[in-house]
Amino acid sequence: MWKQSVRISTLVLIIVALVSLPMAASTVGGEINGQLAYEWDEDTASAVQTMTQAGFRLVLEDDLESLGKIHFSTKGHYDFKTSEGEIALDQLYVSGYTADVDYIAGRHIISWGTADGFNPTNYFGRMSSGTLTSGDLTGEPIWAGEATYYAPNWAVTGVVVPIFVPQTIDEQMRTLLADDPEMEFILGVIDGVKKPERSWRSAEYGVRAETNLSGWDVQLSYFTGFEPLPGLRLVTTIDPNTGMPVDFDLGGEYRRQRFAGIAAAGTVGDVGVWAEMTYGGPTPFEGENPLQVVSPLSVNKNYVQAVAGADYTFPVGNGLLAQGQYIYRGNGSLLMPYHDPEQELKAAHYLYGRLAYDFSLDSTLELIAVHELTDHSGLLMPMYTHRFPNSIQVQAGFLTSYGTDSEESAGEFSRIPSQARIGVTYKF
């Protein structure tokens, strides 16, 4: 019922804005896009899927005089294969500034940290597994209020998220869970987990202080909120007479979690350098009954997340941009938030690389690579972009995975199917 009321309220809000804002907006923009993709499994090349989608994004902005600026955007898509579509609110916020304070309130994207895409200190960023394979690492907007106070040599930012909204399980994650017989059943469990009550006691908070030290941007931050996806645990009840298990219960909850973080960015000569690290975790599951064994499927202790990276533009032709990052996740996989309760959760290590070359102002070739250092699986994503006159852009790309794919030893990325795709976008 709650989810249905939210959808109805959102739809009403979109309709009202679509009717009223265009007449008042001083700026109107957006895009219309379409994408055609062919997807197949390397082991069964005959199993080819064709996916065709069309979508749009409409952006309206207007000045509110002394209050600042109002921004409204909505987006939608239609899948021709499944004959399903959706229109949803994208962003809706009011922003402004005074002599010392910037503020923004509403549904908007929050971007904290210094790294490129993989920001451990961006506690509010919702990065689904699908964002990694799409190459778009901007994250999803959330309802929040954010304000920054600027002093001469430092600044402090506060964020309040009054209503917690869980992360949506995208199709990529659903497919990965469905492909794993030991994990497929947890999808129904996730949908049944009770969400935190809608009150100020369930609000999320974050604070960040930053300054400049010898040319380096340094940030310290703290966050308290909830897990984007619920923590899950398996409870096994033991018969005291036989010592054998007699009952199993798989459930979970959205646990309160707390993190402290540090981030820094600067330059060493002509090389841009950044690093971030956070430490913290959720409230752990604990067994109170000696006849019950609690086996977590989620991280159940404090852990470290870290990233360190650099980029440099080589003087080749118009300039070849090379970027590399090392990513450490003490909570495990980038793609899979849960693990087998009978196995110990292990930290994951990744290398992320990006090469980009502009042949001209209108054409760009880019290659993104992600490599898992433990199981030696990875993704390769080359993409070519051409920008035509009249704001028309065409992108053609390819995605392929590599690594061992067997029942005994399966790489994290090896089960992702290969895909060739082409997209056209018209911006106005």
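Only heavy atoms go into these numbers, but all of them, side chains included; no hydrogens, no water, no symmetry mates. What you see is a predicted model; the values in this text were computed from it and never measured.
Remark: the backbone N or O of T121 is paired with a side-chain donor or acceptor of E276 at under 3.5 angstrom. When atom types are taken as modelled, the side chain of Q219 and the backbone of T114 share no donor-acceptor pair closer than 3.5 angstrom. Side chain of S202 to backbone of E197: a donor-acceptor contact under 3.5 angstrom is found. Without hydrogens or angle criteria, N318 side chain to F359 main chain gives a donor-acceptor distance under 3.5 Å. Looking at H71, its side chain never comes within 3.5 Å of a backbone N or O of L92 through a donor-acceptor pair. Between the side chain of T148 and the backbone N or O of D102 there is no donor-acceptor pair closer than 3.5 Å. Judged by distance alone, with hydrogens and angles left aside, the side-chain atoms of T364 form no donor-acceptor pair with the main-chain N or O of T385 at under 3.5 Å. With hydrogens and angles ignored, the 3.5 Å screen pairs no side-chain donor or acceptor of T400 with any backbone N or O of L380. In terms of modelled atom types and a separation under 3.5 Å, the side chain of T74 and the main chain of D90 share no donor-acceptor contact. In this structure a side-chain-to-backbone donor-acceptor pair under 3.5 Å is present from D340 to E342.
Residue N302 holds its CG atom at 10.5 Å from CD of Q257, rounded to the nearest 0.5 Å. Atom CZ of F124 sits about 8.0 Å away from atom CD of E146, to the nearest 0.5 Å. Interatomic distance, OH of Y254 versus CZ of F164, reported as 5.5 Å (0.5 Å rounding). Put simply, OG1 on T224 and CD on E204 are 8.0 Å apart, with the number rounded to the nearest 0.5 Å. Separation of atoms CZ (F80) and OG1 (T50) is listed at 14.0 Å; rounding is to 0.5 Å. Rounding to the nearest 0.5 Å gives a distance of 10.5 Å between CD1 of I186 and CG of D191.
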Derivation and outcome, side-chain contact (heavy atoms from CB on, under 4.5 Å), residues K427 and R57: CA-CA 9 Å; K427 298 185 178 181; R57 185 169 184 261; over 6 Å; no
Apply the test ring pair (Phe, Tyr, Trp, His ring centres under 6.0 Å) to residues Y149 and Y103: give CA-CA distance (whole Å), side-chain angles for both, the deciding distance (0.1 Å), then the verdict. CA-CA 9 Å; Y149 171 76; Y103 62 87; over 10 Å; no
Kindly determine whether S360 and D362 satisfy side-chain hydrogen bond (donor to acceptor under 3.5 Å, both in side chains), including the steps that lead there. CA-CA 5 Å; S360 66; D362 299 323; 4.7 Å; no
Worked check of side-chain contact (heavy atoms from CB on, under 4.5 Å) between S414 and Y402: CA-CA 5 Å; S414 58; Y402 60 86; over 6 Å; no
Would N33 and Q35 count as a side-chain hydrogen bond (donor to acceptor under 3.5 Å, both in side chains) if you check the C-alpha gap in whole Å, the side-chain angles of each, and the deciding distance to 0.1 Å? CA-CA 7 Å; N33 57 72; Q35 179 173 282; over 6 Å; no
Take V159 and Y123 through the test side-chain contact (heavy atoms from CB on, under 4.5 Å) and record every step on the way to the result. CA-CA 10 Å; V159 171; Y123 314 104; over 6 Å; no
Decide salt bridge (Lys or Arg N to Asp or Glu O under 4.0 Å) for E140 and K75; before the verdict, give the C-alpha distance in whole Å, the side-chain angles of both, and the deciding distance to 0.1 Å. CA-CA 12 Å; E140 292 293 323; K75 61 182 179 179; 3.6 Å; yes
Verdict with reasoning, Y303 to L345, per side-chain contact (heavy atoms from CB on, under 4.5 Å): CA-CA 11 Å; Y303 58 92; L345 176 62; over 6 Å; no
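Contact annotation: the side chain of S363 never approaches that of Y357 to less than 4.5 Å [non-hydrogen atoms, C-beta and beyond]. Between L335 and I416, the closest side-chain pair of non-hydrogen atoms falls below 4.5 Å. Side-chain contact between I110 and I142: present, with at least one pair of heavy atoms (C-beta onward) separated by less than 4.5 Å. Contact check for Y312 versus D270: side-chain heavy atoms found under the 4.5 Å cut-off. Side-chain contact check for V193 versus L232: some heavy-atom pair is nearer than 4.5 Å. With a 4.5 Å cut-off on side-chain heavy atoms, F118 and L334 count as touching. Between H77 and E86, the closest side-chain pair of non-hydrogen atoms falls below 4.5 Å. You'll find the side chain of S83 reaches within 4.5 Å of the side chain of Y78, heavy atoms only.
Contact detail for R107 and P141: the closest heavy-atom pair is NH1-O, 3.6 Å. Scanning both residues, P120 and T278, for their nearest heavy atoms gives O-CG2, 3.4 Å. For the residue pair Q325 and D116, the shortest heavy atom distance occurs at NE2-O, 3.1 Å. Minimum heavy-atom separation, V307 to I327: CG2-CG1, 4.1 Å. Residue P337 comes nearest to L229 through the heavy atom pair CG-CD1, 3.8 Å, listed as atom of the first residue, atom of the second, then distance. Pairing each heavy atom of S73 with each of V59, the nearest pair is CB-CG2, 3.9 Å.
Relative orientation of the W40 and F398 rings is tilted, given thresholds of 30° and 60° on the angle between their planes. Ring geometry, Y350 versus F413: the interplanar angle exceeds 60°, so the pair is classed perpendicular (tilted spans 30 to 60°). Note: H376 and H371 have tilted aromatic rings, judged against thresholds of 30 and 60 degrees for the angle between ring planes.
Taking a cutoff of 4.0 Å between a charged side-chain nitrogen and a carboxylate oxygen, E344 and K301 do not qualify as a salt bridge. The existence of a salt bridge linking E227 and R255 is confirmed by a sub-4.0 Å separation between a basic side-chain nitrogen and an acidic carboxylate oxygen.
Within 6.0 Å of CZ in F428 there are more than 12 heavy atoms belonging to other residues, nucleotides or ligands. Counted within 6.0 Å of NZ on K81, heavy atoms from surrounding residues, nucleotides or ligands total more than 12; the atom is thus considered enclosed.
By the 6.0 Å and 45° rule, R256 stacks over the aromatic ring of F226.
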